[in-house]
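This one's a predicted model, so the numbers in the text were calculated from it and none came from an experiment. Throughout, numbering of the chain's residues begins at 1 and tracks the sequence.
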Amino acid sequence: MDSSSFYRDTWVEIDLDCIYQNVANMKSYLPNRVEVMAVVKANAYGHGDVEVAKTALEAGATYLAVAFLDEAISLRRGGIEAPILVLGASRPSDVVVAAENNIALTVFNKEWLAEAQQLYKGNKSVLFHLKLDTGMGRLGVKDKAELLSILEAIDHYPYFELEGVFTHFATADEIDTSYFEEQYHSFLQMLEWMPLKPKMIHCGNSATGLRFPDMVFNAVRLGIGMYGMTPSLEIKDQLPYELHEAFSFHSRLVHVKQIAKGEKVSYGATFTADEDMWVGTVPVGYADGWIRKLQDTYVLVEGERCQIIGRVCMDQFMVRLPRKIPTGTKVTLIGGQNDEYIHVDDIAKSLDTINYEITCTISFRVPRIFLKNKSIIEVRNPLLKQ
Ligand SMILES: *Cc1c(COP(=O)(O)O)cnc(C)c1O
């Protein structure tokens with residue numbers, strides 16, 4: 001690592017071996033010939049898009065998926081040549097850029113398609129996956145006549161090619177499978193409407209792949225499970241193999257001082273020392289995604305849980321230390337120290353949300369360090385990017 005990669009001792013570690021293992025496990029768990037489409041939207045759920053994509057491909061994924069065209073282009077600029085699908089809505093005019101970059105787009109209504117056909121003057125073929133709305137109520141076609149007119153329009157236009165058809169489940173991560181089954185049956189029914197099926201049919205996210213590997217058709221769109229996190233706490237005990245959490249978050253004490261009983265800490269002076277105590281300052285704040293609601297939760301210092309006291313500031317927060325601890329000592333916000341571990345799910349619980357939101361929220365002001373075989377292979381700090 002270049003020592004000038006970053007100048008603040010605060011970093012996220014991404015263990016690429018965990019990503020590799022999670023993808024390889026899914027691949028071998030799925031029936032033969034079912035492919036893994038690695039979902040690397042939102043900068044790979046806050047982990048780092050290109051690095052995760054490369055690792056997933058090495059581990060057996062054959063396709064990548066993102067939410068937006070910009071994210072797909074970011075992967076191409078990072079040297080990724082594998083097929084990429086944009087799951088979300090693009091502008092009809094962006095078909096041109098998609099074609100240039102060999103990126104597959106989602107078609108989800110007939111007006112969109114008609115406009116795209118009008119605007120496309122190129123002569124390279126563009127791949128599409130048709131999104132069916134079976135009950136998520138987000139993107140997708142519901143109506144038989146519309147579906148048939150989309151198929152016909154694609155069929156009659158020489159440069160557009162339908163590579164896939166897919167849907168998305170709203171409750172695949174819930175114990176109660178009744179709504180999931182309803183959606184599944186709608187999907188089967190809508191597939192019946194299609195006289196010719198495209199090459200790829202896919203309906204499963206991580207939860208579906210983990211729980212119903214025989215119901216996913218040709219590919220699983222693997223997101224959260226690839227990062228080693230459970231799709232929901234409800235199904236955590238039912239996972240078919242162990243997930244390896246790739247994300248950890250660390251900093252170091254930059255100032256350690258003793259305060260006397262009655263002294264205050266941070267904005268609003270909301271914390272008052274109930275006795276003489278040692279306080280450490282940690283250079284992480286809400287601008288890093290460590291939001292103000294995390295006041296009173298814990299971090300690890302020398303393997304011990306230490307409470308965040310007073311308000312979290314934009315760039316710093318304070319912790320109560322059990323004793324005088326040297327400046328420079330490592331602080332773990334997510335991850336392990338000795339036998340103690342703070343999981344992403346622990347932070348999610350404190351904030352009354354889901355693990356997905358936590359890793360996405362840790363901003364890219366925090367450099368990502370990528371590890372392979374316990375060694376650093378790359379550091380990504382967008383702030384100091386050339
Ligand atoms: C984000 C997303 C996924 C991945 O879901 P996970 O629960 O993270 O596996 C799959 N499909 C679509 C359409 C998505 O938007």
Side-chain angles (χ1 to χ4, degrees), residues 6-14 46-47 229 233 245-369 381 383:
F6 56 95
Y7 299 94
R8 168 176 66 148
D9 273 335
T10 296
W11 70 99
V12 161
E13 277 174 26
I14 303 299
H47 292 61
M229 294 182 278
L233 295 177
E245 202 163 296
F247 190 102
S248 65
F249 186 9
H250 313 272
S251 186
R252 293 188 189 280
L253 296 174
V254 290
H255 195 182
V256 174
K257 66 172 84 116
Q258 197 168 29
I259 62 172
K261 182 177 175 181
E263 288 190 311
K264 313 274 191 190
V265 173
S266 198
Y267 284 120
T270 59
F271 178 85
T272 308
D274 54 0
E275 60 182 359
D276 294 357
M277 65 173 70
W278 287 94
V279 173
T281 301
V282 182
V284 174
Y286 59 77
D288 301 302
W290 206 251
I291 64 174
R292 293 169 85 245
K293 282 228 163 57
L294 286 165
Q295 176 169 353
D296 299 331
T297 64
Y298 293 83
V299 297
L300 301 177
V301 185
E302 293 190 334
E304 291 177 52
R305 288 185 182 255
C306 297
Q307 193 171 32
I308 297 177
I309 55 173
R311 290 200 183 138
V312 173
C313 311
M314 189 184 291
D315 318 297
Q316 300 166 83
F317 63 78
M318 276 60 79
V319 288
R320 179 176 194 155
L321 299 174
R323 60 191 160 269
K324 183 177 183 184
I325 290 177
T327 296
T329 299
K330 185 172 172 181
V331 177
T332 294
L333 295 83
I334 296 174
Q337 277 195 9
N338 306 336
D339 296 332
E340 287 285 347
Y341 208 102
I342 297 174
H343 290 280
V344 177
D345 276 322
D346 298 323
I347 306 300
K349 260 189 241 174
S350 299
L351 294 175
D352 210 9
T353 182
I354 53 173
N355 49 25
Y356 295 74
E357 196 177 16
I358 305 304
T359 59
C360 288
T361 303
I362 305 306
S363 76
F364 270 75
R365 189 170 79 167
V366 182
R368 267 52 171 182
I369 294 184
N381 181 6
L383 279 178

Legend entry - side chain to side chain contact (heavy atoms under 4.5 Å, CB included) between Phe6 and Leu383, intermediate numbers included: CA-CA 9 Å; Phe6 56 95; Leu383 279 178; over 6 Å; no

List the atom of [X], the atom of [Y], and the distance in Å for their closest heavy-atom pair.
| X | Y | answer |
| --- | --- | --- |
| His47 | Ala246 | CD2-CB, 4.3 Å |
| Gly289 | Ile362 | O-CD1, 4.1 Å |
| Leu300 | Gly335 | CD1-O, 3.7 Å |
| Arg8 | Arg365 | NH2-O, 3.5 Å |
| Thr10 | Pro283 | OG1-O, 3.3 Å |

Below 4.5 Å, heavy atoms only, C-beta onward: do [X] and [Y] meet side chain to side chain?
| X | Y | result |
| --- | --- | --- |
| Ile358 | Ile334 | yes |
| Asp296 | Gln307 | yes |
| Tyr298 | Ile308 | no |
| Phe317 | Arg292 | no |
| Ile347 | Leu294 | yes |

Inset, instruction - Assess whether atom OH of Tyr341 is packed by more than 12 heavy atoms of other residues, nucleotides or ligands within 6.0 Å. - result: yes

Inset, instruction - Step through the shown structure and confirm whether more than 12 heavy atoms of other residues, nucleotides or ligands are within 6.0 Å of CG on Asp274. - result: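 Correct, the count exceeds 12.
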
Inset, instruction - Inspect the contact between Glu263 and Lys257 and indicate whether a charged nitrogen and a carboxylate oxygen are less than 4.0 angstrom apart. - result: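 No, this pair does not count.
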
Report the distance from atom [atom1] of [X] to atom [atom2] of [Y], rounding to the nearest 0.5 Å.
| X | Y | atom1 | atom2 | value |
| --- | --- | --- | --- | --- |
| Ile309 | Thr270 | CD1 | OG1 | 9.5 Å |
| Leu233 | Ile354 | CG | CD1 | 10.0 Å |
| Ser251 | Trp290 | OG | CH2 | 11.0 Å |
| Leu333 | Phe249 | CG | CZ | 5.0 Å |
| Leu253 | Asp9 | CG | CG | 10.5 Å |
| Arg305 | Thr332 | CZ | OG1 | 11.5 Å |

Legend entry - Steps toward side chain to side chain contact (heavy atoms under 4.5 Å, CB included) verdict (Met277, Ile259): CA-CA 6 Å; Met277 65 173 70; Ile259 62 172; 3.6 Å; yes

Inset, instruction - I would like to know whether Tyr286 and Lys293 meet side chain to side chain contact (heavy atoms under 4.5 Å, CB included); could you show each step before the answer? - result: CA-CA 9 Å; Tyr286 59 77; Lys293 282 228 163 57; over 6 Å; no

Determine yes or no for a side-chain-to-main-chain donor-acceptor pair under 3.5 angstrom, with [X] supplying the side chain and [Y] the backbone.
| X | Y | value |
| --- | --- | --- |
| Gln316 | Cys313 | no |
| Asp276 | Lys261 | yes |
| Glu245 | Val344 | yes |
| Gln295 | Val312 | no |
| Ser363 | Ala287 | yes |
| Gln337 | Glu302 | yes |
| Arg368 | Val366 | yes |
| Asn338 | Glu340 | no |
| Ser266 | Arg311 | yes |

Inset, instruction - Might you work through the side chain to side chain contact (heavy atoms under 4.5 Å, CB included) test for His255 and Thr327, ending with a clear yes or no? - result: CA-CA 6 Å; His255 195 182; Thr327 296; 5.6 Å; no

